[in-house]
Visitor: 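Here it is: the structure, laid out below.
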Amino acid sequence: MTHTFLEEIAHKLYADLGESIADWQIIFPNRRAGLFFNRALRKLINKPIWAPEVMSIEDFVKQQSDFAVPDQLSLVFSLHEVFQKHAPFKENFEQFYFWGDLLVKDFNDVDHYMADARPLFANLSEWKQMANTDFLLPEQIALIERFWKSFEAKPKAAQEKFRRNWDILFPVYKDFKARLLSENKAYNGMLYREYTERLKAGKVMITGKLVFAGFNALTKTEEVIISEAVKQGAKVFWDIDAYYAAPEQTSQEAGNFFREYKKQSVLANTFPKEMPDRIIKESPQIYVTEVKGNIAQAKFLGQLLQGEALDLPEKTAIILGDESLLFPVLYALPKEVQKVNVTMGYPLRFASIYQLMHACLQLQKNKRGEKFQLSFNHRDVLKILKHPFVGNILKEAVRYNIDHIEKQNMIRVGLSDLKASEHLLNQLIFKDASDNYFSYLKQVLQYVHEEKLEATEQEFISEIYKHIQQLEKIVEQFRLELDINAFIRLFNRIIQSLRVPFSGEPLEGLQIMGVLESRNLDFENVYFLSMSEDNFPGGANTQSFIPYNIRKAYGLPTLEQRDAIYAYLFYRLLQRSKKLHLMYNSDNSGGKGGEPSRYLLQLKYELGVKTRNVHQQMLNQNPQAATAVPILIEKDDSIWKILNEYCQPGKRKLSASALKTYFNCRLQFYFRYIAGLKEKEEVSEELDAADFGNILHHVMEDLYKPLLGKKLSTDEITGLKKNSLALIEKEFHELYGKEGEKFDFEGRNIIIRDVVKRMVDRILDYDARIAPFTVLEVEEDGKYIVEFPLADNLSVFLYGTIDRLDQLGESIRVIDYKSGGDEVKFPDVPSLFDRDHPKRNGAAMQTLMYAYLYLKKSGMPEGKSLVPGLYNGKGLFTTDFSEKLKMGKDELTNALPLMDEFEEGLQAVLIELFASPQPFDQTDKIENCQYCEFRTICNR
Amino acid sequence: MGKKSFTVYKSSAGSGKTFTLTREYLKLALISPEHFKKILAVTFTNKATQEMKERIVQNLFQFSSGNVAGMGDQLMALLNLEARQLQTAANNLLVAILHNYSRFSVQTIDRFFQNVMRSFARELSLQGDGELLLNTDEVRNAVVDLLMEDLSHNQPLRDWLLEFSIDKLEQKGKWDVRRDVISFTKELMSDDFKVKEKALGESINNTEKLKSFKSRLYSITSQFEDDLDEIGKEAIRLIESRGLTILDFSYGASSAPNFFNKIQKDCRDFEIKARVIAAIDSGGEKLAAKSSKRKDEIFQLAQDGLLDYFQNAIDYIEFNQKAYISAQNILKNIYLLGISWHFNERMQDYKQEEGIQFLSDTTQFLNEIIGSDPSESPFVYEKMGSFYDHFLMDEFQDTSTLQWQNFKPLIENSLAEGNENLVVGDIKQSIYRWRGGDWRLLLKGLREDIPSHFYEEQSLVHNYRSKPNVIDFNNQLFQQLPGLVKEYALTRSSNSFTMEVENLLDDLAMAYDDVAQKKQNSYPYSGYVALRFFEEEENEMGEKISWREPALYQFVQDIEQLQDAGIKLQDVGILIRSKKEGIEIQDFLEMYQLEQPEKARKYQYNVISDETLLLNSAHIVNFLLNCFRYLYTEDNISLAQIKFYYQKIIGREDLTVHEIVKVDSGEMHLPEQFIETKKQLLSLNLLEMSERLIQIFQLKNIHQEKAYLSAFQDVLLDFGNKGGIPDFMEWWEQNQGSYAIKLQAGENAARMMTIHKAKGLEFKVCMVPLLDWSITHHATIAPTLWVNTENTQFAEVPYLPIKHNASLKNSVFALDYWEEEVKSFLDNMNLLYVALTRAGDALLVNTTAKSSAQYISCLLKKYAEQQTDFWNEESQSLVMGDKADFIQMGKEGKDVDEADQLKTVDLRYYESHQWQEKLQIKQSHVLKVEEGLSKTDIGIQVHNIFSKLNQVEELPVLLRKLEAEEMMSSEDYQRVVQLVEGNLQKESPLLEWFKTDWQVKTEVPVLLTDGSLIRLDRVLVKGSEAKILDFKTGLKDEKHARQVRFYQKSLKKMGYEKVTAHIAYLDPLEIVEAV
Ligand code: SF4
C-alpha cells in the first residue's frame, strides 16, 4: 500500500540520516502525530536506537522560553482584574468569563500575527491623528477607513456601546501583558511573539537540527520561526496534493496557505519540485450516502463494517463530525470488531454526571431555612432522586422517597421526609452547602466515583472533579466571592465548554476520532459520519472584540482562514485512502441543518465530474405505516370461569362503571375486569381528575351526613357554606397530609382547593334554591346489590353506590356528582345501550342505573316520582343549571316510566356479556381509545 | 427610466416563483464571480433555503456544462451575454460559490437575525454564549411551575388563576388549567404581543389599579343588570296586579311580555325580539290574540304603563348595551392580564438566571440595534463581517411586522446606494398568520414604506403548473369567491356595519385582485376538474349516514379509475385539513380493503404521510416506552404490552392472548436476561437502555419497523442525559405528536398531507376527499385578541385580552372583531386557494351540499350552481374536462426523472453489541481526595525537575515554571523546592552526575524494535561508554533495578560496549548501582 505521510517522512529521514536521526528534533503541529511517527520509524530499525525528539511546535517554543504559561482560566481571572481597572462599568467575573476568554483569544491573535497593537486598537480620533501609516498598505488603510466611516454620521446607541469597550482595549492589552511579564508569565501568543522577536533581532539563534512536518496554516510567528530555522538548515515536509495546492488551483481554498508560502523567499525552497498528484491519479472510491437520522448512520456504518475484512483494523478510521454519535457508533460496531480506540474530545455537558452536579446546585439554590428547618423544592429533590446514579446507589429508598413525595403532592421537602436520610450519599447531597460549594460537589463526586461505574463514566467524573478542583484553587487565589447564582453560572459556563479528552491505546484497533484528531494521519478506509454543513466545517464562530475589517487589515485570521483550514483537513483524507464512505443526516426538521457539507457538493460538481469515482446514494430504511394487530379475545374456559363469578352470590359484582366500560369497548372491559390489569397509581406531579372527584364527593358527603332525614330549608343549606372550606381542607389532609401535622397548602393545591370550594358552594347555592328537601342517604356503600335474572338458572349481581338520595316534594332524587365534563342530555333509552350510537351518554346510563338499582332495592311508594340527577361540573356554573337529565328535548321529571325499557336494554347487554360467545373485541370508535390506559397494547 | 430597484413579485400559485427568484439571484450574482457575497436571500424554512441553494448551484452547473436552455436564455437576454460568455461566467461563479460557501448567503430569516444578534451580543449586554432556544415550551413549563409555587404568597395571581380554572370548568368541564396557562403563555412570546408588552407594562403591574379597574367593570355590568332586573320585575308586578299572567298574552309563554322575565337577573337575555317591537308599534294591539277573552284588559294595561315599560327597557338597552357587552367581555378574560404580567416577570428572571435567550427574542433585540435609521446599516455589516448590497426575500406574505421593521433600514440603505432588491410573495398563499405572518405588508405596507420612485410591482401572470381546465376553474372560482364571502358577511344576522367594516371587507377583493392567471400557448391535453357535493343519507335501516361516507366511496373509486388509466399512485397527492381527517381516511381505506378483497387484489391503496408515520403509532416505539415504564414503575399494563409484543410480534408464538396478558402470569413469557438485568438497566441512560433492550429482545430481527426504531433512538439521543425515565416519559407525553418518520421519495404510494404542509408542492393529480371547513372561528377555539382601548371608556389599560366572539359586534370593540373576522375569512380562503392550486393535471374535490352559511362548502355550492355550463344538477357536481384525459396523464408519468434519482441502499443491519470490552480508555486522572498534594505527587514533581535538568544552572527557571503552571499551593511548592535543592547541596553525590565532561542526555527517548519507546531520565555518554541514571522518589524496590537493567541491556544492543546503570533515590538521597 501507499505509505502514510508519517511513514514517508520516517523513511526519508532514516534513509538520509541513519542513526544520526537522534540528533534531530522533529516538530509536528500536535503531539499525536509524534506517536504515529515513532510507530513508522520502528518498522525501519532492527536494534534499539536513540530516538529523535518528537514534539509539537508549542512544546518547542515553550522550551525556548523562560515564560510560564498559566492555564486559560487563570488568564481570564487576571484579565478580569485588569479590565475592571479600565472599564467604566462593573462586571462580575461570571459575567465577564465568556468575554474574557474571547479577549484572551483576541490578544493571542494580535501577538501570534505580530500586529502592532497601538494603531490596531486606535479609536476614530486617534486614527485620524495618526501621522504615520506607512506600515500599512493602501488596501489595509482602505479597510480601516471603511470601518471608521460608519462612525462618522451622528453617533448612534450601538456605536456608543461599541466604543465603551473598544476604547479601553489598548490600555487593557498593555497592562495585562505588563502584569504577566512582571510575574514572568505569558499567554501563548505572547510567548511566541517574544521568542520570535528575539529571533528576528538576532538575540537568539536556532541551534538544533530541526524538522518541521505536516504544517498547514501557520501563524505569523510560526512562519518566522520556521523560516529562521530553515535558514539554519531545518528541513520542512509539507503534506500536500496538486489537486488543491498546485499554483493554478487558486480556487481550492485548501491550498491557499501553501501557495502563499511558496511565494516566500525562504519557505519557497522547502517545497518539493514535483507535487504529488494522488487525488486525481490514485483517486479513491468515494461513497456519499444521504441518511435520514443519526442512529441510522451508526447502524449503516455497522452494516458496512460487517462486509469488510477487518484484519488490519488500524487502517480504518471512523471520523465523527458530531461527537454525540460516539456511543451509538460503539453500540453499532459488528461483533467481529475486537478492539477500538477512541481519540476525541467528548463534551462534558453530555455526561450524566454533569446533570447530577447541576441538579445538586439547583437544590442548593432553592433551599430554604437552616439546619433542622432545612427544606428543598420538590422538583429539585425529585430530579436528584430520579438520576440513574443516585437510584442505583440508594436503590429502594429512592423509589420510596419518590412515591412519598409525589403521592403527598409535597411542595417543600424537609430532611425528615426522606427515608434513608442517614445514608451517606443522602447526607452528602441533602444538606446546606453554602459554606463551600466546591467541597460539596467534590464529596458527591468522590462518593459516586467509589461506586466503580463503567470506564467512560469514571473518566467523566474524574474530569469534572479535576476542573472543580482547579476552579476552586483559582477562586481561592483570586479571593473571589461567589454567591450561589454566580457560582452556578460560572460552573455551567466552564463545564459546558469542556471536552473530555478520550484517548486509548492509539496504535491498536479500529480508530474512532473527531475531525481534528485525523490531522497528519492517513487511513486506507475512512468512514465519515455526520458530514453536514452544520458539523463540518460547522458554524463559524466569528465573535471577536476586533471587527472584521480591522482584523483583515492587520492580517489577523478571519472566517476565510478557518474555512481554508477545514478544507485542507478534508482533502487530506483523500490523498492516501482507498475508500471513503461519507454520510450525512438529511433530516432538516426541528430547525437543524440537514444540508450536506460543502465538501460533498465540491466532490459532486468537481472531483466527481473528473473521475467518476464519487458515488451518490441514499439509505432506504423502508418506512411503512405500522399496521395494527387486531386483538380479539375469545371466551375460553379460563375466561368463562371468571365471568361465572359474577353470577354467584358473594363473589364478583358488576358495577355501573364496569358496564360503562363495557359499552365503551369490550376489550377494555376485558383488560380491566377479566385480565385484571390496572394502572399503577399515577405517580405524577399533578393531582388527577380522580382525586379531585374524590374530594368533592367526600366533602358533599360530610356536609349532608349529619343532616340525614331532616327537612332542610334554604337558610340551613346556605349556612353549610361556611363549613365547606374546613371540610375541604380536612379532606386534603386525609388524602395527602401527615398524621398530627398541619397540612400546608402550597402551589397548585391552593387552586384545587379553591376550585373545589367554588364547586361545593355552587352546589349548595343550587340546593338552597330548590330547598326545602330531605336528604335520605349519602354514599350508602354496599346497599344496592341487585340480583338480575338473565335466564332460567342464571342471574348476575349488579351494584352501585348512590352519591346522594333525597326527597324533594313528591320526588325521590338519585343524585350523582360529576366533576368533569359529562352532559345531561341523551336522545332516548335505546341509545344508552347502543354502543355505536353517536350520542350515547355513559354518565346518563350510569345515573339511570342507580335509579334502577334503587327501584329494585327499595321499591317506590305510590304517587312519588323517581328523578335521577347529575350535578356536573360543566353545567354547574351556567346560569340555567338544572341537574335533571334531558331526554331529547325534555327534562326527565320522572324516570319510572322508562324503567321497563331500561331493564330490557340492560338485559340485552348482560346476556351478551354473560351468556353469549361474543368475544372481547376492540371498539370501532378510535376516539374511545384516546384516553384508554391500554392503548399501547392495542397500539391505537 | 429603467427598471425600478425595488421589485415586488406577486407570485400566484404555479407561477414559477422559485424559478424567478433563482433567475433574479443569478442575474445579480453573474455580474462578477465575487458579487454573490453581496447578496442576501432570505427564506422562512431550512428546507426552502436548501432547495434554493441547490437550485442555484444546479443551474450554474448546467450553464457551465453548456446547457443554457430555459433560464439560461432569459439570463443571456437580461445580461446581454452570448452563450459562451454565460457558460464561462457560470462556471466561474459556481467555483466561487463552492469554495466560498460560507459567503453564500441564502439563509433563513432567523439565521440571519441570529448572526446579527451574535455580533452585537456584547453591545446588547447579552452573554455571548447564551443558549438560543428555538422552542419555548420547556422554559414556559418551568416558569409556570415556579409561578405555581408562588401561589401561597401571591394572592393576586391566585385569584387570577382561580378565575381561569372556573372559566375552563364552565367551558370544557375540566378545571386543571396548568396546561392552558402554558399554552396561553405561548402567545405572550409572540412578536405580536411583544409590541404591546411595553405599553402594557405600567398599567398592569399594579394589582390595586387592576382590581379597581375590575370593580369598575363589575359596576357597569351589575348596574345594567340591576336596572333591567328592576324594570322587568316592576312590569311583571304590574301585569300580575291586574290578575294577568304571561300566558294570557298572545303566544303565551313566549309572548312579548316574556321579555320582562328574560331581562331579569336569572335570565339576562337582552335580545329585543320582533314581537316586542310589534307590540310597541301596534300601540299594544298585538299584545293580545284576537280571540283572547281578556283582550280589553290587556289593552288597558298597555296604555296604563306596560308600553312605557317596553319603551323604557328598550331605550335603556340600546343606550347602555355597548358598554355592558364590552365590560362583560373584558371581565371574562381579565385574569389573562393578571397572569401575563406575573408570568413575564418570572420569565425575565428565569432567562437572566439561566443565561438563555429565545429565538423569538432576536427580532426585538435587533430592533434595538438596527433601529430605524438606514445610515446605521454599514455599522451592522461591519460588526457582522458580511456586507450586503442586495436583499431578496421569499414568501414575503409570511413576514411579521417586526421582522420587516428590521429589514427596512437595511433595504433603504441599499436602495439609497442604487442597488436592486426584491421580494416575492403571494397574499393568497398566506396561511401562516398564526406564526406571525402579516400579509398586510404585502397588500399595503410595502408600498407605504418604500418610496415610490423605487417601488415596482410585477405579477408573474403565467401558470406553469396546471392544465387549462384547472387554471380556468381556479381563475373563475377565486375571482368570485371574495364577492361571495363579502355577501355572506353582509347578510349575516344582527350585523351592524360601518364604513370601516366595509373597507376591511374590501381587502379580500384586493388580495385576490391578481388571481386570474394566463395559460401557456399549447397543451397536450386539457386536464380535469371535478367538484362534487354529497349529502347526508339514510340507509335501509333509517340510520343517518354522514356525507363523508359517500364522499369517501367516491374517493376510492377515483383512485381505482386513476390506476385503470395507468396513473401511478406516487403522482397523487391527497390533501387533508387535519391529522384527524387523515386517520379517518386511512381507516376507511383499511376497512374498504377488508370489505372488497377482490378489489384489494387488483388495486393499490397505499397512502403514506408524515401524519400517519408518527413514531407513537409504531408497536416498537410503544414497546420501548413500556419497557422504560415497566422498569421504572413495575406497572402491569406495561408489562402486559411487553409480553404481548415479545410473544406475538417478535416471536409469533401461539399462546392465547389471555394467557400472556393476564395479571397472574407476571413476568412469565419474558426473556430471562431481561428479568435478571432489570436493576442494571435502570442505571443507564435512555439511549443505552434502548441498545440493551435491542440486544435482549433480539430486535435486530424485526423487519417492519426499523425506520421507527432508528427515528425513536434519534429522539433518545437528542434527549441525552436531560433526565431519567420519568422525565423522558413526561416530556414524550407532551411532544410525541411532533415526531414522525420523514418521507422518502420514490415509493409507490399516494402522499397525504395537510394543506399547510402542501404549500409550495405540486401533484399531478390532487385529491381533496373531504373538503370542508368554516371560514370563521369556532367558538371553542377562538383566538384571544389584544384589543387597543384608545378612545374607549376602558383606556386605563392600553390593551385588553378579549376572546373573539360574535357578541363583540355590539361592543366598542366591534372593529377589532371585524378585523379578526376578515383575517379569518382570508386565512380560510387562502387555505382553499392553496388546496385547489396544487394540481397539475387533475383536481378531484369532494365536499358537502348542505352546511351552514359560514362553511366553505356552502360558498362553493353557491358558486358551482352559477356555472351553468359545467354544473350538473342531478349528479350535484361541477365537472370540467374529460376523464379520457386520464390515459394521457398516465403515459406522461414521472419516468423522465428516474435517471436523476438517487441510487438507494437498504438498511439491513440493526445490531447492537456491548463495546465496553473492546475499548481501553486511558484513565487520565485519579481523584485526589486529600487537600494538597500527596507525597507521591510531590515526588512526581521532584522527579520531573530532575529528569528535565540538564545543568544545575537551569534550576531556577524550571522551578519557576513549575510554580506558575502546575497550580500548586505554596506549601506544596516549598516542599518540592526543599527536596530538590536539598539533593543538590554541596557534597551531594548527585553533583558528579551534573558536573561532567561527558555528553549529557536528559529524558532521552530510545526506540525499541517492538515499537515501544522508553525514556531514560539521564544518560552520560562518552565514546562507546554510557552511564544511566534513573530518578526515583518512592521507596526502594527490586522492580526499579530490573527496569534499569533493561535500559542497560537496550543500550548494549544499540552498540555501547560499557554501560552502567544507577538509580538515584531522592528521598532520602541514595545512589545505588543496579547489577
Ligand atoms: S385502546 Fe381502544 S380498543 Fe384498545 S382497549 Fe382501549 S378502548 Fe379498547
Side-chain angles (χ1 to χ4, degrees), chain A residues 42 47-48 51 66 68 98 150 153 158 161 185 251 253 292-296 302-303 330-331 335 340 352 355 386 388 392 455 462 465 473 503-505 547-548 588 591 595 598 602 617-618 620-621 623 625-626 675-677 680 746-748 750-751 754-755 820-821 873-874 877 936-937 939, chain B residues 46 50 95 98-99 101 123 128-129 134 148 151-152 162 165 169-170 173 175 369 375 378-379 385 612 617-618 622 633 635 637 641 661-663 683 691 707 710 713-714 721 724 741-742 902-904 906-907 909 912-913 915 918-921 925 957 961 964-965 1005 1007-1008 1011 1050 1053-1054:
Chain A
R42 79 146 197 247
K47 60 167 191 165
D66 291 349
F98 171 84
S150 67
K161 286 185 187 150
K185 292 179 188 162
S251 64
E253 67 271 37
K292 289 249 190 269
N294 282 319
I295 300 288
Q303 177 169 330
L330 288 172
Y331 275 106
K335 57 177 177 303
V340 281
S352 190
Q355 301 297 332
K386 288 171 179 175
N392 214 26
S462 11
Y465 191 92
K473 273 181 193 150
S503 64
E505 174 48 70
Y548 177 84
N588 58 10
E595 188 181 347
R598 64 187 66 176
Q602 292 174 5
Q617 57 187 23
M618 184 168 77
N620 182 8
Q621 303 186 56
L677 299 180
K680 181 110 175 189
E746 288 206 63
R748 292 177 60 253
I750 296 178
I751 294 293
D754 293 356
V755 176
K874 193 174 176 181
F877 290 90
T936 62
I937 305 182
N939 211 42
Chain B
N46 274 324
Q50 218 175 306
V95 169
L98 287 179
H99 292 281
Y101 208 71
E123 283 73 14
D129 57 349
L134 278 173
M148 292 292 178
L151 284 176
S152 44
L162 181 62
S165 307
L169 190 61
E170 235 173 287
W175 49 271
I369 288 300
S375 67
F379 185 58
T612 55
S617 70
N622 275 322
T633 63
D635 170 60
I637 298 178
Q641 198 272 346
V661 303
K662 68 178 182 193
V663 98
S683 69
E691 291 286 351
S710 83
Q713 283 196 296
D714 277 349
N721 284 311
I741 297 197
K742 295 295 165 303
L902 274 186
K903 209 179 119 224
T904 62
D906 286 342
L907 181 64
Y909 174 99
S912 174
H913 299 283
W915 46 268
K918 302 174 181 174
L919 177 69
Q920 283 284 317
I921 294 238
H925 342 269
V957 174
K961 279 195 182 180
E965 289 176 10
L1007 188 63
L1008 306 179
S1050 303
K1053 277 196 200 152
M1054 285 168 71

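Numbers restart at 1 for each chain; the letters A, B, ... are given by sequence-line order, proteins then strands. Since the model is a prediction, treat every value here as computed from it, not as a measurement.
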Visitor: How far does CD1 of A/I295 sit from CD of B/E691, to the nearest 0.5 angstrom?
Guide: 6.0 Å

Visitor: Please find the pair of heavy atoms, one from A/N939 and one from B/S617, that lie closest to each other, and give the distance.
Guide: ND2-O, 2.8 Å

Visitor: Between B/L162 and A/I751, which heavy-atom pair has the shortest distance, and what is it?
Guide: N-CD1, 3.9 Å

Visitor: Is A/I750 close to chain B through its backbone or its side chain, or both, or neither, when contacts mean heavy atoms under 4.5 Å?
Guide: side chain

Visitor: May I ask you to decide if A/K161's main-chain N or O and B/E123's side chain share a donor-acceptor pair within less than 3.5 Å?
Guide: no

Visitor: Roughly how far apart are A/K47 NZ and B/K1053 NZ, rounded to 0.5 Å?
Guide: 11.5 Å

Visitor: Please report the interatomic distance NZ(B/K918) to CG(A/L330), rounded to the nearest 0.5 Å.
Guide: 8.5 Å

Visitor: Write down the atom of A/S352, the atom of B/N721, and the distance for their closest heavy-atom approach.
Guide: N-ND2, 3.2 Å

Visitor: Select, from A/Q303, A/K874, A/R42, A/Q617, the one with the greatest count of heavy-atom pairs under 4.5 Å involving chain B.
Guide: A/Q303

Visitor: Is B/N622 in contact with chain A via its backbone, its side chain, both, or neither, using a 4.5 Å heavy-atom distance?
Guide: side chain

Visitor: Taking A/N294's backbone N and O only, do any of them form a donor-acceptor pair with B/D714's side chain (distance below 3.5 Å, no angle check)?
Guide: yes

Visitor: Between atom CD of A/Q621 and atom CG of B/D906, what is the distance when rounded to the nearest 0.5 Å?
Guide: 10.0 Å

Visitor: Name the region of B/V661, side chain, backbone, both or neither, that has any atom closer than 4.5 Å to a heavy atom of chain A.
Guide: both

Visitor: Using a cut-off of under 4.5 Å on heavy-atom pairs, state which of A/G676, A/A296, A/S251 scores highest against chain B.
Guide: A/S251

Visitor: Looking at A/Q355 and B/G724, would you say the former's side chain and the latter's main chain have a donor-acceptor pair under 3.5 Å?
Guide: no

Visitor: Side chain, backbone, both or neither: which part of A/K335 has an atom under 4.5 Å from a heavy atom of chain B?
Guide: both

Visitor: Any non-hydrogen side-chain atom of B/N46 less than 4.5 Å from a side-chain atom of A/E595?
Guide: no

Visitor: How many angstroms lie between CG in B/L98 and CD in A/Q602, if you round to the nearest 0.5 Å?
Guide: 6.0 Å

